[in-house]
Amino acid sequence: MIIYMLCLVLFSIGLYCVLRKRNIIKIIIGIGIMEYAVNLFFILIGYVEGGRSPIYEHGQTMMKMVDPLAQVIVLTSIVLGLSVTLLLVSIAIKIYEKYGTFDITKINRLKG
Amino acid sequence: MIEMYILLIFMITAAIIAVAAKDLLSSVVAIGAVGIGLAMAFLVLKAPDLAIMQLVVEILSLIILVRATTRKDLPFNISGRWVFNTLATILFAVVFLVSAYASLKFMPDLGSPLMRVSKVYLSEGLVRTGAMNIVAAINLNYRALDTLGEATMLFAAIIGVLAVARKIGRKG
Amino acid sequence: MNKSPFRYDRGMTLIVKTVTRFTLGFILIYGIYIAMTGHESPGGGFAGGVIVALSFVHIMLAFGKEVALKRLRSNLIRLIISLGALVFLFIVIASFAGRCVPINLFFARDISCHIFNNAVIIPICEMIIVGAGLFAIFVALVLLSKSDKEFE
């Protein structure tokens, strides 16, 4: 229970960063922290006490395994997080090239 | 689970440093520390596939973020309604945490999940697919269309980056 | 490409270049190994593909942009990505249309017949897509930030 709550505290740190900061790179970092927290929460849900990793071996003795389905879903989620980060970084570089700043309150000109 | 407490406290500290640092390069390095801590947490929680994946992806995104932020620093400025904005954001986070605490009481405890679907995969996966790694068996056999969608998503991101980063069509 | 005045276009120091020459092949082969043995040990196609992309990024950071792009042209990268994606799409759609369930056509009835098994084909396709695609993204971002410096 305390581990779940610490994981959600990590999520809320990312939420604070996204809502409060003005720098675009800081906002991308906040989105990354939220994504890490959600991935960790999925794996914590699927953890089995005293289990082993879901890979069979010849002559194994410990038969209890952790949940493989949560690991598959998180595997997809990491890929999507990488894609989103790359797209956001390229758009941020383009914004810097056009406006000369990363501050989101200064980006208010339509053209120029 | 004492090592999970240590890793989580390390990750929270690094995340606070990443949020609060005034230098962009320092905060990018701090989020790299968060990612490495997450890879170690995956290793503790018996998920070696995810540990490899997270480590490699973290290195790549760290290189690209450092490449994006070199010599483009910005002074930290505060103006206008600072108290109200910060209080509203913290209130929102507190409401989120309290409601999450109220709903976490109805979930199974840590270490004893339900695993209603995964029992079938664990009992039949080795015989039906011939793969020793059950994660690869689910990812490539039972849920192959899911993997196709994942590759499509990455492909769409590649097309988007190449379209944003092109130089044709800009004058002057 | 015109003569660029920036220092990182000529690459890093001699130590970095020598170490890169030694370790490059090992990184590439390790990526292919991770991708090929994903069905019996930890790993998989995506992680192998990212390691392959990181080896090309390694060349580019150590030797500069021109040397890396001389080995791998931009049109060639796009051709490789498209071929990998088409093969992957063909496998999944064919198995879906053939037997209505993706596990039926390609799962190993006989463990010894691995040649057309999706424990081998799909990880290789995924490795090709991911490796070439991420390197293409890195090249695009580097070219973009370089033009941005000339713009200022």
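Chain identifiers are assigned alphabetically (A, B, ...) following the order of the sequence lines, protein sequences preceding nucleic acid strands; residue numbering begins at 1 within each chain.
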Could you measure the distance from the [atom1] atom of [X] to the [atom2] atom of [Y]? Nearest 0.5 Å is fine.
X	Y	atom1	atom2	answer
A:Leu82	B:Leu60	CG	CG	6.0 Å
B:Glu150	A:Leu75	CD	CG	6.0 Å
B:Asp146	A:Ile73	CG	CD1	7.5 Å
B:Ile9	A:Leu10	CD1	CG	12.0 Å
A:Ile2	B:Leu110	CD1	CG	11.0 Å
B:Leu24	A:Ile24	CG	CD1	11.0 Å

If you compare all heavy atoms of [X] against all heavy atoms of [Y], which two are closest, and at what distance to 0.1 Å?
X	Y	answer
B:Val135	A:Val72	O-CG2, 3.8 Å
B:Leu104	A:Met1	CB-CE, 3.7 Å
B:Val19	A:Cys17	CG2-CB, 3.7 Å
B:Leu122	A:Tyr56	O-OH, 2.7 Å
B:Phe42	A:Ile43	CE2-CG1, 3.5 Å
B:Ala157	A:Leu87	O-CD1, 4.1 Å

- Message: Would you say CE of A:Met34 has more than 12 non-hydrogen atoms from neighbouring residues, nucleotides or ligands within 6.0 angstrom?
- Response: yes

- Note on the structure: Note: vs chain B, highest number of non-hydrogen pairs under 4.5 angstrom among A:Ser12, A:Ser53, A:Gly32, A:Gly51 is A:Ser53

- Item | side chain to side chain donor-acceptor pair (under 3.5 Å): pairs with one or both residues in residues 27-36 of chain A, sequence neighbours excluded | A:Tyr36-B:Glu58

Compare all side-chain heavy atoms of [X] with those of [Y] and state whether any distance is below 4.5 angstrom.
X	Y	answer
B:Ile90	A:Arg20	no
A:Leu40	B:Leu45	yes
B:Met53	A:Val74	no
A:Leu86	B:Ile64	yes

Side chain from CB out, backbone as N, CA, C, O: work out which of these in [X] comes under 4.5 Å of a heavy atom of chain A, or both, or neither.
X	value
B:Ile31	both
B:Val28	both
B:Val161	both
B:Lys119	neither
B:Met4	side chain
B:Ser27	both

- Side chain from CB out, backbone as N, CA, C, O: work out which of these in A:Leu80 comes under 4.5 Å of a heavy atom of chain B, or both, or neither. side chain

- Which answer fits A:Val89, side chain, backbone, both or neither, if we ask what part of it has an atom under 4.5 Å from a heavy atom of chain B? side chain

- Message: Run B:Tyr101 and A:Leu8 through side-chain contact (heavy atoms from CB on, under 4.5 Å) and show every step you take.
- Response: CA-CA 9 Å; B:Tyr101 181 75; A:Leu8 292 176; over 6 Å; no

- Task: Give the C-alpha distance, both sets of side-chain angles, the deciding distance and a yes or no for side-chain contact (heavy atoms from CB on, under 4.5 Å) between B:Met132 and A:His58.
- Result: CA-CA 10 Å; B:Met132 313 264 281; A:His58 299 292; 4.1 Å; yes

- Picking from B:Asp109, B:Ile158, B:Leu154, B:Leu65, which has the most non-hydrogen pairs under 4.5 angstrom with chain A? B:Leu154

- Message: Between B:Ala93, B:Ser61, B:Ala15, who has the most heavy-atom pairs with chain A when the cutoff is under 4.5 Å?
- Response: B:Ala15

- Message: Please enumerate all residues that pass ring pair (Phe, Tyr, Trp, His ring centres under 6.0 Å) together with A:Phe11, with sequence neighbours excluded.
- Response: B:Phe96

- Task: Just do the side-chain contact (heavy atoms from CB on, under 4.5 Å) check on A:Val48 and B:Met115 with the steps written out, would you?
- Result: CA-CA 10 Å; A:Val48 175; B:Met115 295 175 67; 3.8 Å; yes

- Main-chain N/O of B:Lys46 paired with A:Gln71 side-chain donor or acceptor, under 3.5 Å: yes

- Query: Checking side-chain contact (heavy atoms from CB on, under 4.5 Å) for the pair B:Arg143/A:Leu69: CA distance, chi angles, key distance, verdict?
  - Reply: CA-CA 10 Å; B:Arg143 299 194 171 217; A:Leu69 192 58; 3.8 Å; yes

